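Everything below concerns the one structure shown next.
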There are 2 protein chains.
Amino acid sequence: MDTKSRIIDISTALFQQKGYIGVGLNEILKACEISKGSLYHHFPNGKEELLIACLQSMNDVITTDIQDIFNRYPTAREATQAMIEKLTADFERDGTITGYTFSSIVSEIGALSEPIRLACASLYLNMQGIYADKLMADGLPKGAADSTALMMTAAIEGGIMLCLTQKSSGPLQTLSQVLPNTLKES
Amino acid sequence: MDTKSRIIDISTALFQQKGYIGVGLNEILKACEISKGSLYHHFPNGKEELLIACLQSMNDVITTDIQDIFNRYPTAREATQAMIEKLTADFERDGTITGYTFSSIVSEIGALSEPIRLACASLYLNMQGIYADKLMADGLPKGAADSTALMMTAAIEGGIMLCLTQKSSGPLQTLSQVLPNTLKES
DNA sequence: GTCTATAGGCAGATAGAC
DNA sequence: GTCTATCTGCCTATAGAC
């Protein structure tokens, strides 16, 4: 595997764990076992360019991941439940949630860097799109599917935030029971 | 008004707008028109101690604010709708949402500083408590009220995040239509 | 393409006069 | 209780050898 891909892979994990500002360039270099010169050779615009590459990588991984789950279950309701249960399992295992959430990145520099804000917006929209497609396949009209998909995205993002704040998977576990019910009744 | 209170008031606004890391000590000093020595006299433990004082201040303001809205409307459904509409109006006016969300603060240092994480957790629980009380007054049993209140908190927090990411009040506007319906059917 | 060395800036924090 | 001056350390970024 080439150096550039390795930098992206390792940096992606670090950004997800600690946020953009929380990870220093030196930490990335150490983790990748490369030097500063090498990093700036592959990413001439420095840390911000690296983050954008990482966001694209996250986009691919997360979209594939969610799409896979939504293909495996017959209805949006069951798929949602399975997805949230996967998140809680991740949290129980790792003590943190590394995927599906970019709130730390948005909060830190979304307001400062337009390219990064746009990359995050695209990520959220991709997730939301998968939910909406499944809801339409279930028979919901487009408008209702879009609204419901938006609420799912917001609730899951907020649920992850609550889990991190409380250091407990409780909020997501509760959501996995409540949220699918609201889908059923839509 | 004494210096300490003025520092807290001004810093609270800055932290809400730009997050914890986004605001430097020098910016706070300039906004408050004080010197570094003065700030460290009132907050010997520096920036972190100041943030905790600000979080307590936010807690008071936000709790009072939400409680006020929830007292003014007969049901949780109507109160929720009114609250979200207030948020969207704020967003339209200021271009940002300063209250009701601490996600940026949680994301930035919640994982690093235990006192700050706990202060944020307490804030979320207070909001959730107001929602739950109103839902119980509407006739929901305690368990269902707690679950629903959690979903409301998560959805609103996530909705704010989506608005900031998309630079649009659209997500919250959609939520103000979808979320109350899920309450109605609970 | 990778390295070392270093620049230059700004952060948070401290000391001590008044 | 407020001030100014200063310290130390970390950050991103660059220059230039190999």
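Keep in mind the model is a prediction, meaning the values are calculated, not measured. Naming: A, B, ... by sequence-line order, numbering from 1 per chain.
- For the pair B/Met127 and B/Ile156, the minimum side-chain heavy-atom distance is 4.5 Å or more.
- Residues satisfying the side chain to side chain contact (heavy atoms under 4.5 Å, CB included) test with A/Cys163, not counting sequence neighbours, are A/Phe91, A/Pro171, A/Leu172.
- A salt bridge is defined here as a Lys NZ or Arg NE, NH1 or NH2 lying under 4.0 Å from an Asp or Glu carboxylate O, and A/Arg6 with A/Asp9 fails to meet this definition.
- When the side-chain nitrogen and oxygen atoms of A/His42 are compared with OP1 and OP2 of C/dT2, one or more of them lie within a distance under 4.0 Å.
- Look at CD on A/Glu49: it is 14 Å from C1' on D/dT12, rounded to the nearest Å.
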For every nucleotide of nucleotides 11-18 of chain C, 5' to 3': is a protein heavy atom under 4.0 Å from its base (B), only from its sugar-phosphate (S), or from neither (-)?
-> SBBB----
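- At distances below 3.5 Å, at least one donor-acceptor pair connects side-chain atoms of A/Lys47 with backbone N or O atoms of A/Val23.
- Applying side chain to side chain donor-acceptor pair (under 3.5 Å) to A/Thr63 and the options A/Asp60, A/Asn59, A/Asp65 leaves one that passes, A/Asn59.
- Applying the salt bridge (Lys or Arg N to Asp or Glu O under 4.0 Å) test to pairs two or more places apart or on separate chains, those with a residue in residues 133-158 of chain A are A/Lys142-A/Asp146.
- Rounding to whole angstrom units, CD of residue A/Glu27 and P of D/dC11 are separated by 9 Å.
- Take A/Glu33 and apply the side chain to side chain contact (heavy atoms under 4.5 Å, CB included) test, not counting sequence neighbours, and it matches no residue.
- Applying the ring-ring contact (aromatic ring centres under 6.0 Å, His included) test to residues at least two apart or on different chains, the pairs with a partner in residues 30-84 of chain B are B/Phe70-B/Tyr131.
- Using a 4.0 Å cut-off, no side-chain N or O of A/His41 falls inside it from OP1 or OP2 of C/dT2.
- Here D/dT2 presents its C1' atom at 14 Å from CD of B/Glu33, a figure rounded to the nearest Å.
- If you measure from atom CG of A/Leu50 to atom C1' of D/dA13, you get 14 Å, rounded to the nearest angstrom.
- If you take CZ of B/Phe43 and P of D/dT2, they are 11 Å apart, rounded to a whole angstrom.
- In the region residues 5-15 of chain A, proximity to DNA chain D at under 4.0 angstrom, judged on heavy atoms, holds for none of the residues.
- In this entry the distance linking CG of A/Leu29 with C1' of C/dA5 reads 14 Å, nearest Å.
- The pair B/Lys30-B/Glu27 does not count as a salt bridge, with every side-chain nitrogen at least 4.0 angstrom from each carboxylate oxygen.
- An OP1 or OP2 oxygen of C/dG1 is reached within less than 4.0 angstrom by no side-chain nitrogen or oxygen of A/Thr3.
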